[in-house]
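Any value given below was found using the heavy atoms of this structure, including those in side chains, with hydrogens, waters and symmetry copies removed. Just so you know, residue 1 is the first one in the sequence shown, and it goes up from there.
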Amino acid sequence: MKTALIIPAYKPDMKLIALLEQFRQNPDFLPVVVDDGSGPEFERVFAALPEGATLLRHSENRGKGAALKTAIRHVLENMPQCERAVTADADGQHKYEDILRVTEKSQENPENLVLGSRRFDGNVPFKSRWGNAITRQVFTIACGAKVYDTQTGLRAFGRDAMAKFLSVPGERYEYEINMLLWAARNGMKIDEVTIKTVYIDDNASSHFHPVRDSMKIYACLLKFAGSSLLSFGIDFVMLLLLKLITRGLGEELSLLVSVVGARVISASINFLVNRSLVFQGNESVVASAAKYAGLAIAILCANYYLIRLLTIPLNWPLIPSKLLVEVVLFTVSFLVQGRFVYRKRRA
């Protein structure tokens, strides 16, 4: 069986041809190149493709995700001899030997998604090192799966996964992020093979924008902030409502019932929103609810004692003390919920 070597190409140079020339004598690979609307000035590059390479074209630039989908669809419909696909970039960052090693790993584990993972050592452009570091941490929290290089374009997967990845949304760089999110949340194991970290001309040829194109992952943090704000609003409204309803119980008992009741209602809603919409947890409701309750109690105690420490022994004003403590505990809550509350342990 063969492997389809899929290369999306937007305004490539001759490094694309140099890479494909190395595969000319390797009968196990069938190259599929997608010209993603590069324009007539790049026709000389595509005209130099080695014999046996399939060239697919977009009349206009549609994005890397669209190019990958075009190639995957072509392989599924026209290349039954290919049992897997390996995707690589056209800019020379993926070396022949690394593509072979990622493909070999996929052969050993055909049901997994295999990534060629860089370690970002040596002279790495700041935007690439920074973008990957942030995306890596948020991805782990959002999905419960640890992936070192979320932005790598070197990936291998079997024929069954091809059809599934066609349904993953996204037309541009967000498609690769969505692919990882889909795999992590649908039980597909993600393997990583360490590859060389190669940047040419400070990665000037890259069209990737670390913040904009990683928003699918960062959206998890934004949704968590939104759910926390919603919980605060519910807590505040319910406090006033319960205080009004229980005013006949006396001041102290009314306050206690109102505070506890409002917190139980707001925390319950916050738990359900975070589990279903923010982290999309795979832990059972009972198990995750028990862990959430433990976290909520710990957060409540920490909130009180930290504010007490800042306002009494250190004599800080109440408002800045409250704001500082809330920011710290917001971060702690996000990390703990994403990593432990809604996640089963992975083997």
Side-chain angles (χ1 to χ4, degrees), residues 126-127 129-144 146 150 210-212 214-243 251-252 254-281 283 288-343:
F126 173 76
K127 74 172 185 176
R129 187 189 299 274
W130 172 80
N132 272 277
I134 295 179
T135 306
R136 179 169 63 245
Q137 295 302 321
V138 180
F139 180 86
T140 300
I141 296 167
C143 299
K146 187 174 182 179
T150 61
V211 174
R212 185 193 69 192
S214 298
M215 281 307 295
K216 273 289 181 179
I217 292 179
Y218 302 147
C220 174
L221 181 58
L222 297 178
K223 287 189 289 186
F224 183 78
S227 73
S228 299
L229 184 61
L230 173 66
S231 178
F232 170 79
I234 293 173
D235 187 77
F236 183 76
V237 171
M238 291 306 303
L239 176 65
L240 298 180
L241 181 60
L242 290 173
K243 192 72 171 63
E251 186 63 29
E252 289 192 13
S254 173
L255 180 61
L256 176 63
V257 171
S258 300
V259 170
V260 174
R263 180 55 60 94
V264 168
I265 293 172
S266 63
S268 298
I269 295 174
N270 181 255
F271 164 75
L272 294 174
V273 170
N274 285 350
R275 185 179 187 277
S276 60
L277 298 180
V278 179
F279 298 106
Q280 297 184 13
E283 181 69 283
S288 55
K291 289 187 284 186
Y292 179 88
L295 174 65
I297 293 172
I299 290 291
L300 180 61
C301 294
N303 191 294
Y304 170 75
Y305 284 109
L306 286 174
I307 291 177
R308 184 181 183 280
L309 172 66
L310 293 174
T311 56
I312 298 179
L314 299 182
N315 201 30
W316 281 30
L318 177 61
I319 292 179
S321 299
K322 174 67 172 175
L323 291 176
L324 176 60
V325 170
E326 289 298 335
V327 168
V328 171
L329 294 182
F330 172 89
T331 305
V332 171
S333 181
F334 178 72
L335 293 172
V336 174
Q337 288 189 53
R339 287 180 178 267
F340 303 110
V341 172
Y342 307 104
R343 304 295 176 200

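- In this structure, CD1 on I234 lies 9.0 Å from CD1 on I265, to the nearest 0.5 angstrom.
- Every residue two or more places apart in sequence or in another chain that forms a side-chain contact (heavy atoms from CB on, under 4.5 Å) with L329 is listed here: I299, A302, N303, L306, V325.
- Shown here are the side-chain hydrogen bond (donor to acceptor under 3.5 Å, both in side chains) partners of S231, two or more places apart in sequence or in another chain: there are none.
- Between S288 and F271, the shortest heavy-atom distance links the atoms OG-CZ, 3.5 Å.
- Taking both residues in full, the closest heavy atoms of L242 and A262 are given as CD1-N, 3.5 Å, listed atom of the first, atom of the second, then distance.
- Among residues two or more places apart in sequence or in another chain, the side-chain contact (heavy atoms from CB on, under 4.5 Å) test is passed with V237 by none.
- Judged purely by atom type and a 3.5 angstrom limit, Y292 uses its side chain to pair as donor or acceptor with the backbone of A267.
- In this structure, S321 has no side-chain hydrogen bond (donor to acceptor under 3.5 Å, both in side chains) partners at least two apart in sequence or on a different chain.
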